[in-house]
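Here is the structure we will look at.
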Amino acid sequence: MTPPEAPIVGKDASTGDMPPAVSLRLEVLRKRPDFQRAARAAHVAKPGFVVQMRERRSDEVPGQDVIRVGFTCSKKVGNAVARNRAKRRLREIARLALPTEGRGGMDYVLIGRKDKTADLPFAQLRDDFSDALKTLHARAK
RNA sequence: GCGGAAGGCUGGAUGGCCGCGGCGGUGACUCCACUGUCGAGGAAAGUCCGGACUCCAGGAAGAAACGGUGCCGGGUAACGCCCGGGCGGGGCAACCCGACGGAAAGCGCCACAGAAAGCAAACCGCCCCGGGUGCGCCCGGGGUAAGGGUGAAAGGGUGGGGUAAGAGCCCACCGCGCCCCUGGCAACAGGGGCGGCACGGCAAGCCCCACCGGGAGCAAUGCCAAAUAGGGACCGCGCGCCGCAAGGCGGGGCCGCUUUCGCCCCAGCAGGUCCGGGUUGGCAGCUAUAGCUGCCCUCGCAAGGGGGCAGUCAGAGGAAUGGUCAUCCAUUCGGGGGCGACCCCGGAGGACAGAAUCCGGCUUAUAGGCCUUCCGCGCGU
């Protein structure tokens with residue numbers, strides 16, 4: 001079932017992000033202060049998750065060629081198994097979309113929701129994430 | 001075949017595409033790319049016990065307090081765990097359950113009901129004597145504890161003798177207590193003798209006895225680096241008393257307590273040197289041994305012990321061990337076909353649950369599937 005999905009990726013890739021994407025790198029957020037700064041920035045809520053995005057200041061350590069992304073699932077999401085599964089699915093949609101649809105110099109934080117993050121169809125999660133990114137990028141303009 | 005008891009195993013499979021963490025290799029190799037290899041559980045969970053390990057308290061001994069354990073024996077590094085046994089209780093049985101030391105060391109409590117709840121008493125009764133009778137019984141005195149009733153429990157139980165009625169008053173058996181013998185390492189069991197019964201229950205109320213326990217925890221702890229508050233030591237100057245000097249005197253401190261042994265410190269100051277350090281980050285601790293896994297020998301009823309061979313098996317740190325799709329596998333729902341086992345089409349969903357220093361246990365959660373042994377009933381031979 002991979003072939004049917006390939007056109008989607010190809011279509012998104014043709015929107016014009018290809019040239020700067022040459023050296024975009026993904027890094028994972030690990031420090032609490034980074035999460036707290038992102039929490040004060042813009043956010044978009046979708047059924048399966050919430051996305052926060054913050055533009056790093058130009059003098060911050062990771063340069064403009066780096067996209068950073070963090071994942072948060074609090075105890076409200078469920079027990080350890082539910083939290084881990086939600087986080088893994090969030091990681092996957094981020095990994096699939098950010099190299100082509102993300103912007104350098106941004107910190108993204110994805111927040112899991114109870115039951116929805118683990119149960120919604122994967123394709124819907126991907127579509128919602130693309131929509132959320134477009135909304136955030138338009139707002140940041 | 002039906003019903004039941006005990007124990008054990010498993011807990012989705014295969015493949016495609018795309019990924020993650022550790023270690024190794026290769027490449028102009030701090031980034032990165034490619035490649036090889038390894039990568040969650042029986043409970044990883046609760047954090048309830050027991051340890052290893054680390055730090056704290058100066059060494060040793062002791063006492064008190066506090067906490068825990070509690071039939072006996074064995075196993076173990078240890079345990080509150082495990083195995084075997086005893087006793088008590090439940091079940092036709094297989095088997096299961098048990099805070100199971102001490103109540104003549106002391107204190108305390110025993111609700112409700114009941115006449116009476118621990119010291120002997122007597123509500124209804126029963127019996128005898130005296131008196132009165134309207135003959136139904138009533139009053140007074142005394143003897144009883146068999147019967148009724150209450151209760152979780154009422155001063156041994158059953159039967160016989162005995163008596164006015166009764167009563168260990170007497171007798172037999174059972175129970176209980178003491179002594180002795182036998183078996184057993186022991187808990188305990190069996191037997192004999194004596195005693196006429198005295199010693200109610202609760203120790204999951206305090207308590208007593210025996211045994212065990214110092215405290216805190218990997219966010220332990222050690223190392224490195226930067227900035228900085230600002231503390232201490234030594235050198236130098238100076239310095240209470242005694243002494244030529246070494247040093248002593250005097251004062252103070254060191255495990256929560258005690259004893260003993262031992263140790264340490266002691267005004268002030270411009271300067272120099274060194275140490276130290278809240279916090280943040282990095283590295284170590286960090287995964288291999290009271291090991292684990294498989295097979296075998298041996299001792300033991302067993303838990304387990306001794307030995308041999310082979311292999312070596314997650315180490316993250318906002319936390320890797322996955323995401324997704326397809327097929328199969330069981331499960332279930334709807335429709336159809338077939339006498340039936342079952343088959344076809346479509347759909348749903350896949351138990352509990354995710355390592356965080358590491359072991360040994362316990363407890364709790366768990367869809368479905370599988371295996372072994374045993375018991376009762378029924379049927380057949």
Tell me the interatomic distance from A/Ile93, atom CD1, to B/G323, atom P, rounded to whole angstroms. 14 Å
On the nucleotide B/G323, are OP1 or OP2 found under 4.0 Å from the side-chain N or O atoms that A/Arg85 carries? yes
Identify the nucleotide, in any strand shown, that forms a Watson-Crick or G-U wobble pair with B/C223, with both distances under 3.5 Å; if there is none, say none. B/G282
Could you check how far CG of A/Leu96 sits from P of B/C18, rounded to whole Å? 12 Å
If the P atom of B/C170 is compared with that of B/G195, how far apart are they to the nearest Å? 12 Å
B/U54 and B/G205, which share atom name C1', separated by this distance in whole Å: 43 Å
With C1' as the reference atom in both, quote the distance from B/G7 to B/C96 in angstrom, rounded to an integer. 14 Å
Is there a Watson-Crick or G-U wobble partner for B/C31 with both distances under 3.5 Å, and which nucleotide is it? none
Euclidean distance for C1', B/C275 against B/G248 (whole angstrom): 31 Å
How many whole angstroms separate atom CG of A/Leu90 from atom P of B/G323? 12 Å
Please state the C1' separation for the pair B/G213 and B/G75 - nearest whole angstrom. 22 Å
Paired nucleotide for B/G21 [Watson-Crick or G-U wobble; both distances under 3.5 Å]: B/C38
N-O pairing of A/Arg89 and A/Glu92 below 4.0 Å: no
B/G193 and B/C212, which share atom name P, separated by this distance in whole Å: 45 Å
Rounding to an integer number of Å, can you tell me how far A/Asp107 CG sits from B/G318 C1'? 14 Å
Taking B/C241 as the reference, what is the distance to B/A267 when you measure between their C1' atoms (whole Å, please)? 15 Å
Side chain of A/Arg91, heavy atoms from C-beta onward: which of B/U324, B/C18, B/A319 has the nearest atom to it? B/A319
Could you check how far CG of A/Leu110 sits from P of B/G323, rounded to whole Å? 17 Å
Taking only the C1' atom of each, what is the distance from B/G142 to B/U150 in whole angstrom? 28 Å
Residue matched to B/A111 through Watson-Crick or wobble contacts both under 3.5 angstrom: none
Polar pairs (N or O, both sides) under 3.5 Å between protein and nucleotides 39-45 of chain B?
none

